[in-house]
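Accompanying notes for the structure given below.
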Amino acid sequence: MAAGFIIDASEAEILMRDLGDKRARIVTTIARVTLQHARLMKAAARAGAPKGPHTKGFANSIDTRTKQFAGGTECTIESKHPLGAILEYGGAYSRPWNMFGAAAETGIPAWENALGDAVADLL
Amino acid sequence: VTVVDAAIARLVSHVAAANAATTDATQRVSVYDGYVPPAPTSRYFLVWTFTSRLDALAVDGEFRDKSGTFQVTAVGSTRAIVEKLLDEANVALCGWKPVVSGLNCHPIEPVEDPSQDTIARDDSIADRQVMFGAARFRWAAELPI
């Protein structure tokens, strides 16, 4: 079962529709900042992942998948490792590692701030 | 007392009435704090606390903005029981404002995360069916000036 989370910049890009000439540069900037922060969140999730003998290879299975379409950029930070969900959320007895939750909790506000700063610089 | 301690007390009081109303021991719900005892009840909430953080307030830049997350794992013998327990945890905690000395707490919010909607069997338990599901909650509070 896959575990992970999505950061979706399409809402920010929708707001930029009416900016004419600047739109292309802003959309490129949003995509760049989103990709950069998705990589940071992936690194944070990997750093928080268990690395014992029973979970060998799990940290490296955490990866970023990016979809770029007309409406925006969407990055998914996830692991398709079979232990992904049980490690993230724990079980009936076992502790949750919360590596995706922690990465999102700190990474998403930083990404939103960076998006705001980058776009403000262009306007 | 921390915010999560208050949340655990809230869950305990929420299930207490239902526990008092039943004579069937298999329907009793326990609340465990980060540890499951050797002989747990068949239905329980297991609460896990994650690290909290202290941020600067936007208004004055002072580091007084405290927040954190915690997880409630609901455990039972069937999917329906786990779903009902998760509903009860959400009813008890979402929108509830903890009262904690030294903190001005905001209402508890659910963490939106589509992955956590899964209710699954715990495959590490071989001799019987044990199902579980998780709900995460975010708390936020301001330290007094």
Side-chain angles (χ1 to χ4, degrees), chain A residues 1-8 11 41-42 44-45 47-50 52 54-55 58 61-65 74-114 116-117 120, chain B residues 32-56 58 65 67-77 81-82 85-86 111-125 128-140:
Chain A
M1 189 190 306
F5 61 99
I6 294 171
I7 54 172
D8 182 357
E11 276 186 37
M41 285 184 242
K42 177 181 80 174
H54 300 297
T55 53
F58 175 71
S61 76
I62 298 171
D63 217 338
T64 308
R65 193 158 43 82
E74 181 189 281
C75 290
T76 305
I77 297 99
E78 67 173 355
S79 165
K80 290 190 187 301
H81 194 283
L83 294 177
I86 198 99
L87 289 172
E88 173 67 9
Y89 297 106
Y93 289 80
S94 57
R95 65 169 274 205
W97 280 85
N98 189 38
M99 57 267 165
F100 291 111
E105 201 66 23
T106 52
I108 289 176
W111 165 63
E112 288 170 344
N113 287 340
D117 291 346
Chain B
Y32 302 128
D33 181 6
Y35 166 74
V36 182
T41 51
S42 65
R43 302 175 184 195
Y44 58 85
F45 290 118
L46 179 54
V47 180
W48 297 98
T49 311
F50 304 133
T51 315
S52 62
R53 49 185 288 175
L54 193 59
D55 292 309
D65 190 9
S67 61
T69 52
F70 62 96
Q71 175 177 310
V72 177
T73 303
V75 179
S77 56
I81 290 170
V82 172
L85 289 175
L86 288 173
V111 174
E112 287 179 26
D113 177 356
S115 308
Q116 75 184 10
D117 294 340
T118 309
I119 295 173
R121 186 181 191 280
D122 190 330
D123 293 327
S124 67
I125 301 160
R128 66 193 191 285
Q129 175 168 289
V130 175
M131 307 291 289
F132 72 98
R136 285 182 177 170
F137 301 92
R138 179 179 293 110
W139 61 269

B:Phe132 side, atom CZ; B:Ile119 side, atom CD1 - distance, nearest 0.5 Å: 10.0 Å
Region of B:Ser124 that comes under 4.5 Å of a non-hydrogen atom in chain A: neither
Flag, side chain of B:Gln71 to backbone of A:Tyr89, donor-acceptor distance under 3.5 Å: yes
Residues forming a salt bridge (charged side-chain N to carboxylate O under 4.0 Å, His left out) with B:Asp33, sequence neighbours excluded: none
B:Asp123 and B:Arg121 ion-paired at < 4.0 Å: yes
Residue A:Thr106 versus chain B: region with a heavy atom under 4.5 Å: both
A:Ile6 vs A:Glu78, side chain to side chain contact (heavy atoms under 4.5 Å, CB included): CA-CA, chis, key distance, verdict: CA-CA 8 Å; A:Ile6 294 171; A:Glu78 67 173 355; over 6 Å; no
Step-by-step side chain to side chain contact (heavy atoms under 4.5 Å, CB included) determination, B:Thr41 to B:Tyr32: CA-CA 10 Å; B:Thr41 51; B:Tyr32 302 128; 3.6 Å; yes
Intermediate values then yes/no, side chain to side chain contact (heavy atoms under 4.5 Å, CB included), A:Asp63 and A:Arg65: CA-CA 7 Å; A:Asp63 217 338; A:Arg65 193 158 43 82; over 6 Å; no
Within residues 43-56 of chain B, residues adjacent to chain A where the heavy-atom gap is under 4.5 Å: B:Tyr44, B:Leu46, B:Trp48, B:Phe50, B:Arg53
